[in-house]
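Here's the structure we're looking at; comments come further down.
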Amino acid sequence: MAPSFGEMEPAEAESVYFNEYPPPKALPKHEALARAFVELHVEDKRRVVLVTSGGTTVPLETQTVRFIDNFSAGTRGATSAEYFLEQGYAVIFLHRQYSLLPYSRHYSHSTNCFLDFMDEAPPTDASADSDHGRIVVRSEYQDAMRDVLRKYRYAKQHNRLLLLPFTTVAEYMFELRSLAKIMQPIGANALFYLAAAVSDFFIPRSRMAEHKIQSSELPAHFQKDNSVGAEEIYTGENEEKPANSKKLVINLDPVPKFLHRLVDGWAPEGSMVVSFKLETDPSLLVYKAQTALQRYSHHLVIGNLLSTRKWEVVFISPDQPERWIRVPKSRRSKSISGVEDQVGLAEAMKGEKGPDTQTD
Ligand code: 9Z3
């Protein structure tokens, strides 16, 4: 039996994995955009951060109808990107397509849709006929929206933000590898901030069905096209065919861990790598974050629990005691959209000024 990725040296796992998949179609275009972006900011000696954000998918079929997803709205990544921009960084935002984006996040996936922020201008004596029915931002949102709009415009006009989308875990891996290599000239001014929720399990291409997996038996003359479906491909090798043919048994392999390769090979010498660790069981979080730090020898693991991720995170860094950062209860969610929750945490994470040891 072929060795699993876990049994291979990181460099071997890299070559096997990247040879198995064709690179994403958008990769050459993304690489060209990233090269131009990096060149510009290297010239200006600006710090550049690659923020990854959103969940990766694992397709069940090559012509994908169904896929497995990882939880992430993109709030952490999009909010953090705004803070990096404010701190003078240029940001490459590698994100799951249609997940939250810096700045537009305030109005895109909110509980209130963006139309709720708008109104028709009230008629005034002075208003000309052409002004009649003009759409304006409602008065109570003017200040907040002006602030967001100015920051958004600034980032755009000064070329500080590059948005690059991915969908599948394979696309994410290709993009991450290419971008890290393209960032080489940035050297110690480069930061990797890996907030994307990356799938731990996937179906290798060699075992993936081409077409939509059928939920019922097909007449014999159709069977050829669909014979690579559920039973043969998704049932474990020694398992019997499910008695009920509607049952789909999915057999997933572990995704190779490329953080090693990022730290040891792809990322520029002297750059900083920050990864996130997501758990749901509180008793595991610190242990898992510490294990990740030891395994990959990078600079910081930020641990968070699914249920409390908007209020608290734990920093695990080499030779330091674990450090919890918490948003006090009084500053938790009063927002319309819910996304401002994260702002409290981002403020706290900025350091000295933040309520970093508060535990209420
Ligand atoms: C996180 O833990 C992020 O903080 C969240 C953010 C996904 C919880 P939202 O987007 O949620 O604000 O809704 N990311 C998980 C990072 C991850 O999957 N890490 C992998 C690992 O620990 C690889 S670096 O194995």
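Throughout, residue positions are numbered sequentially from 1 according to the sequence presented. One-based numbering, in listed order, for ligands and for the atoms of each.
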Inset, instruction - Pick whichever of A197, A195, S80, G77 has a heavy atom sitting closest to atom 14 (N) of ligand 1. - result: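 Ranked by closest heavy atom to atom 14 (N) of ligand 1, first place is A195.
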
Under 4.0 Å, counting heavy atoms only: does [X] come that close to any atom of ligand 1?
| X | answer |
| --- | --- |
| A292 | no |
| G303 | no |
| K257 | yes |

Legend entry - F258 and W266 aromatic ring geometry - parallel, tilted or perpendicular at 30°/60° bounds: tilted

Inset, instruction - Can you label the angle between the F202 ring and the Y21 ring as parallel, tilted or perpendicular, going by 30° and 60°? - result: tilted

Inset, instruction - Using distance alone, decide if ligand 1 has a nitrogen or oxygen within less than 3.5 Å of any nitrogen or oxygen in F71. - result: no

For residues 22-30, which side-chain N or O atoms pair as donor and acceptor with protein atoms under 3.5 Å away, sequence neighbours left out?
unit_1, atom_1, unit_2, atom_2, d
H30, ND1, E175, OE1, 3.1
H30, ND1, E175, OE2, 2.7

Against heavy atoms of [X], which atoms of ligand 1 measure under 4.0 Å?
| X | answer |
| --- | --- |
| A196 | 14 (N), 15 (C), 16 (C), 17 (C), 18 (O) |
| V198 | 18 (O) |
| A73 | 9 (P), 10 (O), 13 (O) |
| T75 | 9 (P), 10 (O), 12 (O) |
| L278 | 2 (O), 8 (C), 15 (C) |

Per-residue contact class, [X] against ligand 1 - non-hydrogen pairs under 4.0 Å:
| X | answer |
| --- | --- |
| S53 | neither |
| N304 | side chain |
| R309 | side chain |

Inset, instruction - Examine F276 and L284 and state if one hydrophobic cluster contains both, with Ile, Leu, Val, Met, Phe, Trp and Tyr joined whenever side-chain heavy atoms are less than 4.5 Å apart. - result: no

Name each donor-acceptor pair under 3.5 Å that joins a side chain in residues 34-45 to protein atoms two or more places apart or in another chain, with its distance.
unit_1, atom_1, unit_2, atom_2, d
H41, ND1, R46, NH1, 2.9
H41, NE2, N159, O, 2.8
D44, OD2, R46, NH1, 3.3

Can we say [X] and [Y] salt-bridge, meaning some charged N sits less than 4.0 Å from an Asp/Glu carboxylate O?
| X | Y | result |
| --- | --- | --- |
| R96 | D69 | yes |
| R261 | E14 | yes |
| R134 | E120 | no |
| D116 | R138 | no |

